[in-house]
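What you are looking at is a predicted structure, and each value in this text was computed from that prediction instead of being measured.
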Amino acid sequence: QVQLVESGGGLVQDGGSLRLSCAASGLTFSWYAMGWFRQAPGKDREFVVAISRRGGDTTYADSVKGRFTISRDNAKNTVYLQMNSLNPEDTAVYYCAAKYTPYNGGTYYRSDYDYWGQGTQVTVSS
């Protein structure tokens, strides 16, 4: 049974930082590209950032470039999202997702991922 479990969310002030983690189990983690998506109240889920299965390629949404950093540790089956300079527009539930790919490179911004976590709430107060 595949599980993706996010952690690290919480309440932070405008300008603050958080680090999200997503621990994967039940799959061969290094075969999967990973992504982070988010959904704010009343809005559609949106792409945030993705990383290739070896970590060599990353793609960021324009809204988070220069502030967020994705990384992964295949030995720990975990992907991370370091979020700096947070602002109230970043408030959302953050989801990690896994997409099988036979390619070492490549990132995926569409939401057709194979597995999803349950999400972790990030709230940025002004």
field: Pair listing, ring-ring contact (aromatic ring centres under 6.0 Å, His included) test, anchored in residues 36-63, at least two apart
entry: F37-F47, F37-Y113, F37-W116
- request: Search all heavy atoms of G106 against all heavy atoms of A33 and return the closest pair with its distance.
  value: O-CB, 4.3 Å
- request: State, to 0.1 Å, how close N74 and R53 come at their nearest heavy-atom pair, and which atoms those are.
  value: ND2-O, 3.0 Å
- request: For I70 and I51, work out which heavy atoms get closest and say how close.
  value: CD1-CG2, 3.6 Å
- request: Determine which pairs satisfy ring-ring contact (aromatic ring centres under 6.0 Å, His included) with at least one residue from residues 66-102, sequence neighbours left out, and list them in order.
  value: Y32-Y100
message: Going by salt bridge (Lys or Arg N to Asp or Glu O under 4.0 Å), name the pairs with one or both residues in residues 111-124, residues two or more places apart or in two chains.
response: K99-D112
- prompt: Of all residues at least two apart in sequence or in a different chain, which pass the side-chain hydrogen bond (donor to acceptor under 3.5 Å, both in side chains) check with T78?
  reply: none
query: Which pairs pass disulfide bond (SG atoms under 2.5 Å apart) with one or both residues in residues 57-126, sequence neighbours excluded?
result: C22-C96
field: Test side-chain hydrogen bond (donor to acceptor under 3.5 Å, both in side chains) applied to Q3 - qualifying residues, sequence neighbours left out
entry: none
query: Between CZ of R54 and OG1 of T101, what distance do you get to the nearest 0.5 Å?
result: 11.5 Å
- line: So CG of L81 and CZ of R19: to nearest 0.5 Å the spacing works out to 10.0 Å
Nearest heavy atoms of L27 and V2, plus distance in Å: CD2-CG1, 3.4 Å
message: Check for me, please, whether Y108 and L4 land in the same ILVMFWY cluster - side-chain distances under 4.5 Å, paths through other members count.
response: no
message: I'd like to know if the side chain of R67 and the backbone of S85 have a donor-acceptor N/O pair within less than 3.5 Å.
response: yes
Partners meeting side-chain hydrogen bond (donor to acceptor under 3.5 Å, both in side chains) with S17 (sequence neighbours left out): N84
message: Restricting to non-hydrogen atoms, name the atom on F29 and the atom on D73 that form the minimum distance, rounded to 0.1 Å.
response: CE2-O, 4.0 Å
- line: In short, disulfide bond (SG atoms under 2.5 Å apart) pairs touching residues 27-64 with sequence neighbours left out are none
statement: For K43, the salt bridge (charged side-chain N to carboxylate O under 4.0 Å, His left out) test, sequence neighbours excluded, returns none
field: Residue pair A98 / M34: nearest heavy atoms and the distance that separates them
entry: CB-SD, 3.5 Å
Considering only distance and modelled atom types, tabulate donor-acceptor pairs under 3.5 Å from the side chains of residues 117-126, sequence neighbours left out.
| residue | atom | partner | partner atom | Å |
| --- | --- | --- | --- | --- |
| Q118 | NE2 | E6 | OE1 | 3.3 |
| T120 | OG1 | G9 | N | 3.3 |
| Q121 | NE2 | A92 | O | 3.4 |
| Q121 | NE2 | T123 | OG1 | 3.3 |

query: To the nearest 0.5 Å, how far apart are NZ in K65 and OG1 in T59?
result: 8.5 Å
query: Please, which pairs that meet disulfide bond (SG atoms under 2.5 Å apart) have at least one residue in residues 38-70, sequence neighbours excluded?
result: none
task: Rounded to the nearest 0.5 Å, what's the gap from CG on N104 to OG on S52? Could you check?
output: 8.0 Å
message: How long is the straight-line distance from OG1 of T69 back to CE of M83, given to the nearest 0.5 Å?
response: 11.0 Å
- request: Treating Ile, Leu, Val, Met, Phe, Trp and Tyr as nodes and any side-chain heavy-atom pair under 4.5 angstrom as an edge, say whether V93 and Y115 lie in one connected cluster.
  value: no
field: Non-neighbouring partners of R38 that pass salt bridge (charged side-chain N to carboxylate O under 4.0 Å, His left out), sequence neighbours left out
entry: E46, D90
